[in-house]
Q: 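Okay, handing you the structure first.
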Amino acid sequence: MDIAYIPSPSHGVVHLGPIPLRGYAFCIIIGVFVAVWLGNKRWIARGGRPGTVADIAVWAVPFGLVGGRLYHVITDYELYFSDGRDWVDAFKVWQGGLGIWGAIALGAVGAWIGCRRRGIPLPAWADALAPGIVFAQAIGRWGNWFNQELYGKATDVPWALHITSSTDGRVPGYYHPTFLYESLWCIGVGFLVIWADRRFTLGHGRAFALYVAAYCVGRGWIEYMRVDDAHHILGLRLNDWTAMVVFLLAVIYIVVSARLRPGREEVVEPDGDTPDGDAVALDKKSDTKSDTKSDSKADTKADGEAAETTDKKSDGKKLDGKKSDAKTDTESDEPAQSTESVEPADSEELVEPEESVEAARGEAESAKKV
């Protein structure tokens, strides 16, 4: 009897002339773009500068790809180094095989290098990028669908995945689409981190730790459903043990970090913009800066007025000095002029009036005699 199911693509690659376009690679690339886009929006909202997330991603993404591939090759070494296998296949990333644990671990090293070069705290950058990373995982899981890999146990549920390939030990049939389960789980984790970050103002790496812890919970039960070959320890798959250990570390980090460094970073990037409605401390800092500027302007103005007053006083003193000097010169000139005005005339000019008087008297006496 036919049942409803999710069909698998007959080919995971489409050739555009000589160029192969692989569905697995496309899912990884699209996931990276989504992570950087969303991380950039969250980074700007926290006061960072546009483009910083992408600049650091240039370091984190290559490191993450190498780390993811190394984890897969190390934990599944028999696929590449056992008899009849070609070790060169270990470098064929497009054929699938990236371990999220190694990708996050080594990707964090690359991000640390990028953050250090920009003078940015790694935990703040990781908090901004956390939802984007898990959404990228949700998209990347569809690459497993293109490769017909990482499915679960046989089932007859309406959403069963129909496997048609028989290569690499596959058995055609209907199986649980664990890639779909993990993709949906990752979407839920991404929205959980966004909500918790807004509700509790997570900072100092706690949003990223929440993403890690929540993802580990889902990875634990999804991993238990898978039927592909894996190493087992005490009856559990290696990735189950890894998920439990990483979950405990993430929870411990959240608890300890909340006690040692409560709240959120006030400044996430030097010379970044202040986010709207962010920490009050930033407003206080801006107020302090404005007060300092106004005080300095007031002091400068006061100093200028004082200097101007001093100059005026000195000019006044100089003017008074000039007036007094002029007055002194005037007083000293006046006696000289009076002395010159009363200076006696020549002796001949002084005698002349007396002779004219005597002559007049002589003429009067002669007239009487006549």
Side-chain angles (χ1 to χ4, degrees), residues 5-16 19-39 57 60-76 79-80 89-107 129 131-152 159-170 172 175-190 211 215 218-219 222-223 225-230 237 239 242-243:
Y5 60 87
I6 299 174
S8 293
S10 57
H11 299 284
V13 57
V14 176
H15 287 83
L16 184 62
I19 302 174
L21 304 177
R22 304 182 184 277
Y24 186 88
F26 266 107
C27 291
I28 298 297
I29 294 172
I30 294 172
V32 170
F33 273 101
V34 170
V36 172
W37 171 77
L38 181 58
V61 172
F63 274 74
L65 291 175
V66 173
R69 189 61 176 178
L70 282 176
Y71 182 88
H72 168 72
V73 172
I74 292 173
T75 56
D76 293 312
L79 298 176
Y80 308 100
D89 292 340
F91 298 97
K92 298 179 180 179
V93 181
W94 56 88
Q95 293 182 354
L98 291 175
I100 186 62
W101 314 112
I104 294 297
L106 203 57
L129 205 66
I133 292 177
V134 72
F135 286 142
Q137 287 180 245
I139 298 172
R141 275 306 175 197
W142 284 87
N144 302 132
W145 175 67
F146 281 102
N147 289 346
Q148 296 195 36
E149 60 186 2
L150 303 186
Y151 45 85
W159 57 87
L161 176 65
H162 187 202
I163 297 297
T164 58
S165 174
S166 58
T167 60
D168 294 331
R170 296 185 183 90
Y175 300 90
H176 277 286
T178 52
F179 82 90
L180 177 61
Y181 299 160
E182 186 167 340
S183 179
L184 295 175
W185 182 268
C186 287
I187 293 174
V189 171
Y211 140 66
Y215 171 75
R219 181 60 184 266
I222 294 172
E223 188 74 19
M225 298 178 64
R226 286 168 51 172
V227 295
D228 54 303
D229 293 333
R237 294 166 65 95
N239 283 331
T242 304

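Given the structure is predicted, the values throughout are model-derived calculations rather than measurements.
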Q: Using every non-hydrogen atom in the two residues, find where Arg170 and Asn147 come nearest and quote the distance to one decimal.
A: NH2-O, 3.2 Å
Q: Which atom names give the shortest non-hydrogen contact between Met225 and Thr178, and what distance separates them?
A: CB-CG2, 4.1 Å
Q: Is His72 close to Tyr80 at the side-chain level, that is, under 4.5 Å between some pair of heavy atoms?
A: yes
Q: Roughly how far apart are Ile28 CD1 and Leu98 CG, rounded to 0.5 Å?
A: 5.5 Å
Q: Measure the spacing between CD1 of Ile100 and OG1 of Thr242 and express it to the nearest 0.5 Å.
A: 12.5 Å
Q: Report the C-alpha distance between Arg141 and Trp185 in whole Å, list the side-chain angles of each, state the deciding distance to 0.1 Å, and finish with yes or no for side-chain contact (heavy atoms from CB on, under 4.5 Å).
A: CA-CA 11 Å; Arg141 275 306 175 197; Trp185 182 268; over 6 Å; no
Q: For residues Ser8 and Ile163, report the shortest heavy-atom separation together with the two atoms involved.
A: OG-CD1, 4.0 Å
Q: Sort out for me which residue in Leu180, Asp228, Leu161 forms a side-chain contact (heavy atoms from CB on, under 4.5 Å) with Tyr151.
A: Leu161
Q: Taking the side chain as everything from C-beta on, heavy atoms only, tell me whether Thr164 gets closer than 4.5 Å to Pro172.
A: no
Q: Please round to the nearest 0.5 Å and tell me the distance separating atom OH of Tyr71 and atom CG of Asn239.
A: 4.5 Å
Q: Closest heavy-atom contact between Tyr215 and Val189?
A: N-CG2, 4.2 Å
Q: Any chance you could measure Ile222, atom CD1, to Tyr181, atom OH, to the nearest 0.5 Å?
A: 9.5 Å
Q: For a quick test of reading the model, state the closest non-hydrogen atom pair linking Pro177 to Ala160 and the distance between them.
A: CD-CA, 4.4 Å
Q: Please identify which of these residues, Tyr5, Tyr175, Trp145, meets the ring pair (Phe, Tyr, Trp, His ring centres under 6.0 Å) condition with His162.
A: Tyr5
Q: Can you name the nearest heavy-atom pair linking Leu129 to Ala35, along with the distance?
A: CD1-O, 3.4 Å
Q: Kindly compute the distance separating CG (Leu79) from CG (Asp229), expressed to the nearest 0.5 Å.
A: 7.5 Å
Q: About how many Å separate CZ of Phe179 and CD of Gln148, when rounded to the nearest 0.5 Å?
A: 10.5 Å
Q: Report the residues that fulfil side-chain hydrogen bond (donor to acceptor under 3.5 Å, both in side chains) with Ser183, sequence neighbours left out, ordered by chain and then residue number.
A: Trp142
Q: For Gln137 and Tyr211, does a side-chain donor sit closer than 3.5 Å to a side-chain acceptor?
A: yes
